[in-house]
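Report on the following structure.
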Amino acid sequence: MTDQEIINALTAEGNEYFKALTIAGVNDNARMGRPFIIVSDDALPEIPVAMDISCSIMTVAGAMGTVGPGAAERIDKATEMGVENRLCASVKMGAYFLKAGILPVPDMVITTNSPCDAVDMLGQMMDNYPPWAKVPKFRLDAPHGQTDEDFVYFGAQLKEMVQAIEKATGKKLTMERFVEVAEESNRQASLIMDFQELTRAVPCPVDPDMARVGWELARWVAATDPSVFPKATGWLERLVDVTERKVKAKTGMDGVQEKIRFLWYDVSPSWGSKLFPRLRSELGAVCMKTYYSFHNYIPIDTTSMDSMLASVAKKYLMGTPMTRQAMHTADVFCDDIVRICKEDKCDAMIMPCHIGHRDTNAYQKLARDTCRANGIPFFFLGCDVWDERYMPADVVFDRLKTFFQSTGLA
Amino acid sequence: MKSGIKSDSFEKFTVIAGSIMNPSVQECKDGGRKVLGYTCSFVPEELIIAAGMLPFRIRATDSESAGRADDYFESANICSLIRHTFGKVLNSEYDFIDGAIVGGGCDGNRHILDNWEKSPAKIAFLDRLFIPHASNNLTAEFFLGQLSGLKSRIEGYFGVTITDEKLWSAIRLCNEVRELQRELYGLRLSDNPPITGSETVAVIVAGSSMPKEEYRDDLKKLLRELQEVQVPEKKYSARIMIVGPGHDDTSMSDIVEELGGLVVNDLTCFGGKVIFGSVKEDGSDPLKALADYQVLTRPFCPKNLSAHPVINKEVFDKSKEFKVDGVIGQVFLCCETWGGEIFILNKELRDAGIPLLRIERECTADSTGQLRTRVQAFIETISGGAL
């Protein structure tokens with residue numbers, strides 16, 4: 001296989017796995033025979049994998065609902081429910097799946113306020129959904145601070161959550177298995193960091209968005225089906241291998257004459273396949289990072305059960321995309337912009353600010369000022385990453401093209 | 001609809017609630033007392049009072065434009081209460097405060113601090129208080145740690161000592177005030193109350209904008225006067241409860257009462273939530289008593305994942321007790337937490353035969369024409385015809 005064939009195969013494999021995250025996948029997960037939990041947002045896969053349970057994520061199922069044919073109609077149906085007009089469409093879609101009565105009854109429901117008020121609201125709806133009235137519930141309070149005290153506090157809640165899962169499902173979390181999973185998780189995190197480092201080469205060897213694919217495989221898909229967890233490690237190893245070869249050979253992305261490197265500081269749009277390949281092929285503009293392709297190495301400390309829970313907490317609070325950007329102070333948000341632009345040699349920063357994302361939309365001036373102070377060309381887009389109708393992909397392309405031309409980059 | 005109260009205390013409350021800076025605050029400042037602003041009802045006023053300072057609830061009353069705040073907050077995606085409040089900060093209307101504590105009740109509120117710290121309006125003491133989003137012993141304990149840290153920072157920056165004795169004294173004072181405020185609310189249990197809902201909002205809002213002892217004394221005086229007032233005969237056609245976020249002006253109640261309704265109760269961030277329950281006075285640690293009160297006794301913010309059953313119970317209990325004909329669920333645009341809460345409550349109330357009108361609006365008094373039409377139709381529907 002050529003390197004490009006390997007990359008294509010990895011992409012296809014990832015897409016196949018992602019079916020488990022859709023609303024159809026949620027129903028399939030419930031039928032796997034494992035205890036089945038529905039969580040409002042990110043599932044901290046180390047715990048469900050170590051306990052051999054299946055966790056489906058409402059916001060992810062919602063986000064998957066905004067992709068592909070019929071997405072606009074589904075978003076409209078979700079809007080017609082009348083929760084809140086300017087609500088993030090991925091959360092709105094999750095709420096719609098819930099109210100439409102098409103979700104199975106889980107063995108347990110876990111809700112959290114992370115990463116944002118919209119997910120918090122979805123959690124309320126899950127917590128008070130009449131068909132799930134008798135289902136055991138657990139609520140996780142994700143703190144906004146970033147100190148050891150916050151991590152220990154969240155870790156203590158995880159300890160209580162594990163006890164609640166054990167009671168609801170009959171499954172046990174053993175130290176031995178948790179250590180195994182934590183070590184594998186650390187290995188995956190290292191591989192993602194290796195890939196991230198390799199993609200910083202000029203020209204960029206492989207689409208940096210593959211870090212998102214790998215991360216989602218290792219976390220979201222593995223949480224739905226623990227048997228995927230070790231396979232995600234293998235997937236990441238193959239990705240790092242092919243990327244290393246391309247860096248050594250100094251070959252860039254297939255068919256791309258790289259001229260511009262930019263940061264897309266938000267979630268990768270559900271309609272991104274109409275935008276990013278075109279930016280690469282027509283303008284040589286490569287998206288170096290999005291929220292989900294930017295990662296920090298936060299290892300799990302396997303010394304004791306408490307140290308593992310506190311470091312899983314830290315990894316969750318400071319390492320989970322969206323949670324990192326939305327839950328903490330503006331300094332974390334703005335420092336990351338400067339760091340990414342420097343490390344990834346970005347020529348510009350794009351702030352899409354998706355509809356309903358209060359946190360990013362509260363930082364528009366701070367982000368602009370940060371970029372100005374650091375000489376980074378800044379563009380505020382104001383599109384929606386879920387619902388393309390707010391600003392179609394070709395309009396986004398035109399606006400970015402004009403921006404790149406006016407800043408002398410294109 | 002106005003009750004026609006003739007009372008100096010009431011006039012004073014109305015002036016204070018209708019503006020930001022007011023004579024009572026000015027008097028404090030002139031006397032050398034510091035003022036500490038705060039943005040969320042989960043920030044305990046008791047802590048500020050025990051520090052010898054005046055707690056002042058930061059609000060957006062009477063704002064007509066978010067102004068320069070829209071440079072910071074993207075206007076189509078951030079709730080108007082947040083933008084207009086910060087607009088007032090940028091517009092120098094809060095220059096009289098000596099510091100501020102921003103409570104992280106909702107995301108918008110939290111980001112006021114992020115922006116404030118980097119704005120020309122920055123002041124030296126700007127602090128944050130993280131509020132738990134679930135109610136249990138662990139979260140109450142964490143909040144106690146937050147309060148303890150905040151107490152130390154206030155002591156360090158302002159050079160004061162907050163003793164347990166001062167805290168207990170502040171707790172007793174605030175409990176007494178809440179009790180008086182509940183007594184005021186209780187007046188509308190009657191078929192023919194001496195005070196309207198709109199007037200009550202003004203009295204309650206004033207309570208977070210002036211010295212507590214002065215407020216307590218004026219409120220006692222008002223309550224005495226209201227007991228003696230000759231109440232004219234009933235002039236309303238429906239008894240309404242308002243549920244929703246910060247209700248820091250009288251605009252919504254005014255509309256209801258101008259159209260023949262009477263607001264008999266509310267569960268809002270400036271009203272029913274603030275006056276609920278009391279801090280326990282029989283413990284050994286006053287900070288723990290405050291933490292338990294905020295996290296375990298009154299978890300009414302829908303940002304709290306444990307809140308809905310408590311909100312549901314309070315709305316149903318008060319609807320029954322105050323003979324409510326209909327509930328207005330008001331949501332500010334871009335407020336997901338109340339949007340979700342009203343969505344859930346809507347079905348529950350309807351199933352119980354209590355009509356609910358859901359209104360999405362901006363926090364300012366704009367667009368009242370459209371609001372009036374909807375409220376009028378609601379009142380006519382639930383009362384069986386126009387007054």
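In this text, all values refer to a predicted model and were calculated from it rather than measured experimentally. Just so it is clear: chains get the letters A, B, ... in the order the sequence lines come, proteins before strands, and each one is counted from 1.
For A:Leu140, the part lying near chain B is the backbone, with the side chain staying farther off; criterion is any non-hydrogen pair under 4.5 Å. In this structure, chain A has no heavy atom under 4.5 Å from any part of B:Cys79. Residue A:Ala326 touches chain B through its backbone alone, counting heavy-atom pairs closer than 4.5 Å. Contacts of B:Phe343 with chain A are made by side-chain atoms alone, with heavy-atom separations under 4.5 Å and no backbone atom involved. A:Ala367 does not touch chain B: none of its heavy atoms, backbone or side chain, sits under 4.5 Å away. Of the two parts of B:Ile344, only the side chain, counted from C-beta on, holds a non-hydrogen atom closer than 4.5 Å to a non-hydrogen atom of chain A.
Rounding to the nearest 0.5 angstrom, the gap separating the CD atom in A:Glu160 from the CG atom in B:Leu138 is 5.0 Å. With values rounded to the nearest 0.5 angstrom, A:Arg139 atom CZ is found 9.0 Å from B:Asn136 atom CG. Interatomic distance, B:Tyr72 OH to A:Tyr363 OH, rounded to the nearest 0.5 Å: 14.5 Å. To the nearest 0.5 Å, the span separating NZ on A:Lys137 from OG on B:Ser306 amounts to 12.0 Å. Distance CD/A:Gln124 to CG/B:Asn304: 8.5 Å, rounded to 0.5 Å. Taking CG from A:Asn128 and CG from B:Leu305, the interatomic distance works out to 10.0 Å, rounded to the nearest 0.5 Å.
Counting heavy-atom pairs under 4.5 Å between each of B:Ala134, B:Gly104, B:Pro302 and chain A puts B:Pro302 at the top. The greatest number of non-hydrogen atom pairs below 4.5 Å with chain B, out of A:Cys116, A:Ala95, A:Pro143, A:Ala118, is found for A:Ala118. Annotation: maximal heavy-atom pairing with chain B below 4.5 Å, among A:Asp127, A:Thr329, A:Asp331, occurs at A:Thr329. The greatest number of non-hydrogen atom pairs below 4.5 Å with chain B, out of A:Cys353, A:Ala330, A:Pro130, is found for A:Ala330.
Atom NZ of A:Lys314 sits in a sparse spot, with 12 or fewer heavy atoms from other residues, nucleotides or ligands closer than 6.0 Å. Other residues, nucleotides and ligands contribute only 12 or fewer heavy atoms inside 6.0 Å of the CG atom of B:Asn137. Within 6.0 Å of the CD atom in B:Glu141, the count of heavy atoms belonging to other residues, nucleotides or ligands does not exceed 12. Residue A:Lys159 places its NZ atom among 12 or fewer non-hydrogen atoms of other residues, nucleotides or ligands, all under 6.0 Å distant.
Considering every non-hydrogen atom in both B:Cys106 and A:Asp117, the closest pair reads CB-OD2, 3.4 Å. When all heavy atoms of B:Asp107 and A:His144 are compared, the closest pair comes out as OD1-CE1, 4.4 Å.
Within residues 121-133 of chain B, the residues having any heavy atom less than 4.5 Å from a heavy atom of chain A are, in residue-number order, B:Arg128, B:Phe130, B:Pro132, B:His133.
For the salt bridge (Lys or Arg N to Asp or Glu O under 4.0 Å) test, residues two or more places apart in sequence or in another chain that qualify with A:Asp359 are B:Arg110. A:Phe151 pairs by the ring-ring contact (aromatic ring centres under 6.0 Å, His included) definition with nothing, not counting sequence neighbours.
Applying the side-chain hydrogen bond (donor to acceptor under 3.5 Å, both in side chains) definition to pairs two or more places apart or across chains, those involving residues 331-346 of chain B are A:Arg358-B:Glu336, B:His308-B:Glu341, B:Asn346-B:Arg350.
Judged purely by atom type and a 3.5 angstrom limit, B:Glu74 has no side-chain atom pairing as donor or acceptor with the backbone of A:Ala362. Looking only at distances, a side-chain donor or acceptor of B:Asn77 sits under 3.5 Å from a matching main-chain atom of A:Gly356.
With B:Lys118 as the partner, the side chain to side chain contact (heavy atoms under 4.5 Å, CB included) test is satisfied by one option alone out of A:Leu366, A:Thr370, A:Asp369: A:Leu366.
The side-chain heavy atoms of A:Phe333 and B:Asp114, taken from C-beta on, include no pair separated by under 4.5 Å.
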